[in-house]
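We're numbering straight along the sequence, starting at 1. The model shown is predicted, which means the values in this text are computed figures rather than measured ones.
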Amino acid sequence: MAEEVAEGVAPGEGRLGVMLPYTPVHHLLAAELTRPYVLTSGNVSDEPIAHRDGEAVERLGAMVEAFLVHDREIHARAEDSVVVVAGGGEIPVRRSRGYAPLPVRLARPARRAVLACGAELKSTFCLVRGERAFLSPHVGDLESYETLRSFVEGIAHFRRLFGVDPRVVAHDPHPEYLSSKYALDLEGVDLVAVQHHHAHIASCLAEAGEVGPVIGVAFDGTGFGTDGTLWGGEVLVADLEGFTRVAHLGAVPMPGGAAAVRQPWRMAAAYLDAAFAGAPPEGLAVRERNAGLWDRVVAVARSGVGSPFTSSAGRLFDAVAAIVGVRDGVTFEGQAAAGLERWADPAEEGGYAARVDVGRALVIRGDDLVRAVVADVLDGVDGAVVSARFHNGLAAAAVAACALVREGAGPGGAGSGLGTVALSGASSRTGCCCPAWWAGWRSAGSGC
């Protein structure tokens with residue numbers, strides 16, 4: 001079936017999702033066509049769904065041939081939910097239609113009503129009353145006025161629907177996120193800034209009905225760290241109220257800041273410069289493909305101007321994806337990392353070795369992984385094998401860091417004796433889909 005699907009449906013994807021018809025119109029179409037057909041959201045990329053007839057005609061009229069309308073108005077936007085099957089169970093990737101706004105029951109009831117505004121990418125919000133947390137459907141990336149308007153309208157709708165008048169508002173500490181600006185503009189509420197990766201682990205605990213403490217692994221793109229750098233490859237000892245950063249990926253500069261997210265080859269340049277002390281080996285295709293700007297980008301990274309340091313796992317994945325040849329540029333955050341995951345050979349059991357340095361905090365040496373990747377690429381090893389060895393190596397290094405924390409090697413002995421690990425980060429709410437992770441946790445004697 002996959003070879004019969006047009007490339008434009010899911011460009012570069014190795015998997016296709018299946019949606020069962022859930023409206024009468026879907027059933028009529030399915031009966032008429034008698035074969036798979038494609039449905040997509042009623043919106044332009046990076047914009048919210050157009051759920052009013054007039055708005056749909058205005059925003060989408062230039063790209064569609066016809067509109068099927070109804071005399072019943074749509075009162076609230078709702079994206080379709082997305083789940084994957086991994087480890088023998090379902091993992092929600094996008095919790096929306098059919099799941100939201102069903103509440104998550106909290107192990108510890110909130111004393112006052114809470115509004116949690118979330119961060120920026122893959123945005124949702126949450127209203128909490130007592131032991132129930134009402135999560136919104138997927139809103140989108142809060143990077144435009146249209147999406148912000150959808151976000152604000154959704155909060156107002158939920159407040160009316162559930163009768164919640166929030167007295168405490170939680171927000172990401174990043175001052176430029178639109179969700180943070182919305183929170184900071186509210187009056188008559190108590191504001192609480194929640195560090196991005198602590199929020200990841202706390203959400204995992206809340207969904208599991210736990211209160212902690214646990215060893216929390218939060219691997220994602222970037223989030224504002226308490227030390228002024230951009231975090232994203234973090235190991236925290238955390239409960240619902242606070243955290244201690246006990247381990248992290250080694251930090252490297254992001255040359256050009258946000259430009260490095262859109263152009264993963266920039267992260268390759270930064271990692272190669274750091275991993276090989278300014279003298280990476282010759283013959284790497286990623287350098288040849290970007291020769292016109294390579295030296296300038298390396299100079300920017302070294303200067304520190306417009307190049308914030310980051311411990312992000314996502315940016316490490318970007319670097320490796322560009323080195324292996326997955327892609328040098330992306331149209332959405334995480335695209336290169338997802339491509340690298342698809343390349344990975346599931347039959348490959350080998351993994352690259354990465355040290356975990358013990359100091360004020362444990363440091364997982366991502367540069368070790370990059371050097372190993374480069375050696376295999378230059379030796380002509382198949383990209384699928386390289387990708388799998390990178391995934392397995394990073395998983396093993398994370399397990400080693402967690403084991404060291406459990407043994408008391410973290411700062412101040414934080415985490416000593418803990419036997420439970422919470423996995424979170426990126427678009428998955430509760431864990432990672434890579435089977436190597438689960439095998440690693442089991443070998444370390446930890447649970448999730």
Side-chain angles (χ1 to χ4, degrees), residues 12 14 219 221-222 232-233 249-256 259-302 307 309-331 333-345 348 350-355 364-398 434 436:
F219 281 4
T222 53
L249 282 169
V252 296
M254 281 178 60
V261 179
R262 297 188 296 270
Q263 299 174 325
W265 71 267
R266 289 173 175 259
M267 289 309 305
Y271 258 105
L272 289 169
D273 190 60
F276 292 95
E282 298 294 329
L284 285 170
V286 63
R287 184 171 186 173
E288 296 170 0
R289 293 193 303 268
N290 300 281
L293 290 174
W294 190 272
D295 291 340
R296 289 164 58 185
V297 166
V298 170
V300 168
R302 291 176 181 174
S307 301
F309 271 81
T310 183
S311 57
S312 166
R315 302 293 78 82
L316 172 59
F317 272 78
D318 284 350
V320 173
I323 294 169
V324 175
V326 175
R327 56 171 56 243
D328 291 344
V330 300
T331 57
E333 200 269 350
Q335 187 177 14
L340 185 66
E341 180 188 10
R342 286 193 299 274
W343 269 29
D345 181 355
E348 174 59 42
Y352 301 129
R355 291 167 289 173
I364 301 171
R365 295 290 297 271
D367 54 339
D368 285 351
L369 298 173
V370 168
R371 283 188 288 269
V373 166
V374 168
D376 270 0
V377 167
L378 292 178
D379 283 345
V381 176
D382 185 83
V385 173
V386 175
S387 175
R389 290 175 179 174
F390 166 73
H391 279 82
N392 294 341
L394 180 57
C434 178

Sidechain-backbone polar pair: [X] side chain, [Y] backbone, donor-acceptor under 3.5 Å:
{"X": "R365", "Y": "D367", "value": "no"}
{"X": "S312", "Y": "G221", "value": "yes"}
{"X": "D368", "Y": "R355", "value": "yes"}
{"X": "N392", "Y": "G350", "value": "yes"}

Determine the sole option in I323, L316, L369 for which the side chain to side chain contact (heavy atoms under 4.5 Å, CB included) test with Y271 is passed. L316
Find out whether V252 and R315 are in side-chain contact, i.e. whether some heavy atom of one side chain is under 4.5 Å from a heavy atom of the other. no
For the residue pair H391 and W343, establish whether any side-chain heavy-atom pair is separated by less than 4.5 Å.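 A side-chain contact is absent here, since even the closest heavy-atom pair is not under 4.5 Å.
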Heavy-atom closest pair, residues A336 and D318: CB-OD1, 3.6 Å
Within this structure, what is the CG-CH2 distance for the pair N290 and W265, rounded to the nearest 0.5 Å?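 One gets 5.0 Å once the value is rounded to the nearest 0.5 Å.
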How long is the gap from OG on S311 to CZ on F219, to the nearest 0.5 Å? 9.5 Å
For R296, I'd like to know if atom CZ has over 12 heavy atoms of other residues, nucleotides or ligands within 6.0 Å.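 No - once you tally the heavy atoms of other residues, nucleotides and ligands closer than 6.0 Å, there are 12 at most.
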How would you list all residue pairs meeting salt bridge (Lys or Arg N to Asp or Glu O under 4.0 Å) that involve residues 267-287, not counting sequence neighbours?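 Salt bridge (Lys or Arg N to Asp or Glu O under 4.0 Å) check on residues 267-287 returns D273-R302, R287-D295.
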Atom pairs and distances, side-chain donor-acceptor, residues 373-382, under 3.5 Å, sequence neighbours left out:
unit_1	atom_1	unit_2	atom_2	d
D376	OD2	Y352	OH	2.8
D376	OD2	R389	NH1	2.7
D382	OD2	A384	N	2.9

